[in-house]
Trainee: 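Structure in structure tokens, see below.
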Amino acid sequence: ATHAAAKYACENWHYSGCIPKSKLAKFGVWEDGRFVGVLVYGVGATSDLVKSYGLGQQEGCELVRIALREHKNPVSRIIAISLGLLKAAFSGLRLVVSFADPDQGHHGGVYQAGGWLFSGNSQASNEYIYKGKRWQGRSFRNSHKGMENSPDVQIVKGSSKHRYLMPLDDAMRKQIAPLA
């Protein structure tokens, strides 16, 4: 998908209302010739995302956005198709990580249906409330540099997210299976 299409989908059909600023791989989703959204893969919240699995930064990524409007196909199928395209486009990738946010009513059903491996919960991190809007930490710091300690900003503890792993080769699946 083009950056403009991905930005539109994320701003209109994802609860965060924004597209990440890191390097991204964006896959458009069409049904019956109608654009219904995007799946966006990227570096994720930290450059150490896949380090604990013995991988370098170029060997793993995060599914950072699923931004879909009303659609017909199961999300797990849409993700599976995008993973095939991702693997073909980036042959060095071995692992994809994604998170389900319980604060948004997400439990990871789309990952469970797709055969992803649950690997526990992330640590909760600080989030910010500014002008009535709640921001994830990295997003707020990028958008409002230096304002973290402003009296107009309230710091709150964010939720712990459910972490899911999708190995892209048999060796990686064997390596992470005991961890998941």
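Predicted model, so just to flag it, every value in this text is computed and none were measured.
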Trainee: Please go through Phe35's hydrophobic cluster and name the other residues, only I, L, V, M, F, W, Y counting, with side-chain heavy atoms under 4.5 Å joining them.
Mentor: Tyr8, Trp13, Ile19, Leu24, Trp30, Val38, Val40, Val64

Trainee: Give me the other members of the hydrophobic cluster that Ile129 sits in, counting Ile, Leu, Val, Met, Phe, Trp and Tyr linked by side-chain heavy atoms under 4.5 Å, directly or via other members.
Mentor: Val156

Trainee: Nearest 0.5 Å, please: how far is CZ in Arg163 from CG in Leu117?
Mentor: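 Here the interatomic distance stands at 12.5 Å.
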
Trainee: With sequence neighbours left out, write down each residue that passes side-chain contact (heavy atoms from CB on, under 4.5 Å) with Asp170, or none if nothing qualifies.
Mentor: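 With neighbours one apart ignored, the set is empty.
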
Trainee: Given Ile176 and Met172, is the side-chain contact (heavy atoms from CB on, under 4.5 Å) satisfied, shown in steps?
Mentor: CA-CA 6 Å; Ile176 64 171; Met172 181 54 53; 3.6 Å; yes

Trainee: May I have the step-by-step check of side-chain contact (heavy atoms from CB on, under 4.5 Å) for Leu39 and Leu63, ending in yes or no?
Mentor: CA-CA 7 Å; Leu39 276 71; Leu63 173 53; 4.2 Å; yes

Trainee: If you define the side chain from C-beta out and look only at heavy atoms, does anything of Ser119 sit under 4.5 Å from Tyr53?
Mentor: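 Touching, per the 4.5 Å side-chain cut-off.
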
Trainee: To the nearest 0.5 Å, how far apart are CG in Asp48 and NZ in Lys51?
Mentor: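 Here the rounded value is 5.0 Å.
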
Trainee: With salt bridge (charged side-chain N to carboxylate O under 4.0 Å, His left out) as the rule and sequence neighbours excluded, what pairs involving residues 109-125 come up?
Mentor: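 Qualifying pairs, neighbours excluded: none.
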
Trainee: Applying side-chain hydrogen bond (donor to acceptor under 3.5 Å, both in side chains), name anything that partners Glu11, two or more places apart in sequence or on another chain.
Mentor: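 Lys7.
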
Trainee: Measuring from Asp152:CG to Met147:CE, what's the distance to the nearest 0.5 Å?
Mentor: 6.0 Å

Trainee: Return yes if some donor-acceptor pair links the side-chain N/O of Gln58 with the main-chain N/O of Gly92 below 3.5 Å, else return no.
Mentor: no

Trainee: Can you give me the closest heavy-atom contact between Cys61 and Val50, atom names plus distance?
Mentor: N-CG1, 4.3 Å

Trainee: Name all residues meeting the side-chain hydrogen bond (donor to acceptor under 3.5 Å, both in side chains) criterion together with Gln112; count only those two or more places apart in sequence or in a different chain, and write none if there are none.
Mentor: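 Counting only residues at least two positions away or on another chain, Gln112 forms a side-chain hydrogen bond (donor to acceptor under 3.5 Å, both in side chains) with Tyr164.
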
Trainee: Roughly how far apart are Leu165 CG and Leu168 CG, rounded to 0.5 Å?
Mentor: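 Interatomic distance, Leu165 CG to Leu168 CG, rounded to 0.5 Å: 10.5 Å.
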
Trainee: Check Glu148 against Tyr128 and note the closest heavy-atom contact, atom names and distance.
Mentor: CG-OH, 3.7 Å

Trainee: Show the nearest heavy-atom pair for residues Ala25 and Leu86, with the distance to one decimal.
Mentor: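 Scanning both residues completely, I find the closest heavy atoms to be CB-CD1, 4.1 Å.
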
Trainee: Can you tell me how far apart CD (Glu59) and CG (Leu49) are? Round to the nearest 0.5 Å.
Mentor: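 It is 12.5 Å, given to the nearest 0.5 Å.
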
Trainee: Can you list everything that forms a side-chain hydrogen bond (donor to acceptor under 3.5 Å, both in side chains) with Asn12? Sequence neighbours excluded, please.
Mentor: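 Expected list: none.
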
Trainee: List the atom pairs, with distances to 0.1 Å, where a side-chain N or O of residues 69-80 and a protein N or O form a donor-acceptor pair under 3.5 Å, not counting sequence neighbours.
Mentor:
from	atom 1	to	atom 2	distance (Å)
His71	ND1	Asn73	O	2.9
Lys72	NZ	Asp32	OD2	2.1
Asn73	ND2	Glu31	OE2	2.9

Trainee: Just to verify, what does His14 make a side-chain contact (heavy atoms from CB on, under 4.5 Å) with, not counting sequence neighbours?
Mentor: Ser16, Arg65, Ala67

Trainee: Take Met166 and Val97 through the test side-chain contact (heavy atoms from CB on, under 4.5 Å) and record every step on the way to the result.
Mentor: CA-CA 6 Å; Met166 175 50 76; Val97 181; over 6 Å; no

Trainee: Which atom pair, heavy atoms only, marks the closest approach of Val96 to Glu62?
Mentor: CG1-C, 4.5 Å

Trainee: Mind listing the closest non-hydrogen atom pair of Gly108 and Ala100 along with its distance?
Mentor: N-CB, 3.5 Å

Trainee: Give me each pair satisfying ring pair (Phe, Tyr, Trp, His ring centres under 6.0 Å) with a member in residues 84-108, each pair once, sequence neighbours excluded.
Mentor: Tyr15-His106

Trainee: Only pairs at least two apart or in different chains count here, so list each side chain to side chain donor-acceptor pair (under 3.5 Å) that has a residue in residues 81-98.
Mentor: Tyr41-Ser82, Arg94-Asp169, Ser98-Tyr111

Trainee: What pair of heavy atoms forms the shortest contact from Cys10 to Cys18, and how long is it?
Mentor: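 Closest approach of Cys10 to Cys18: CB-O, 3.5 Å.
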
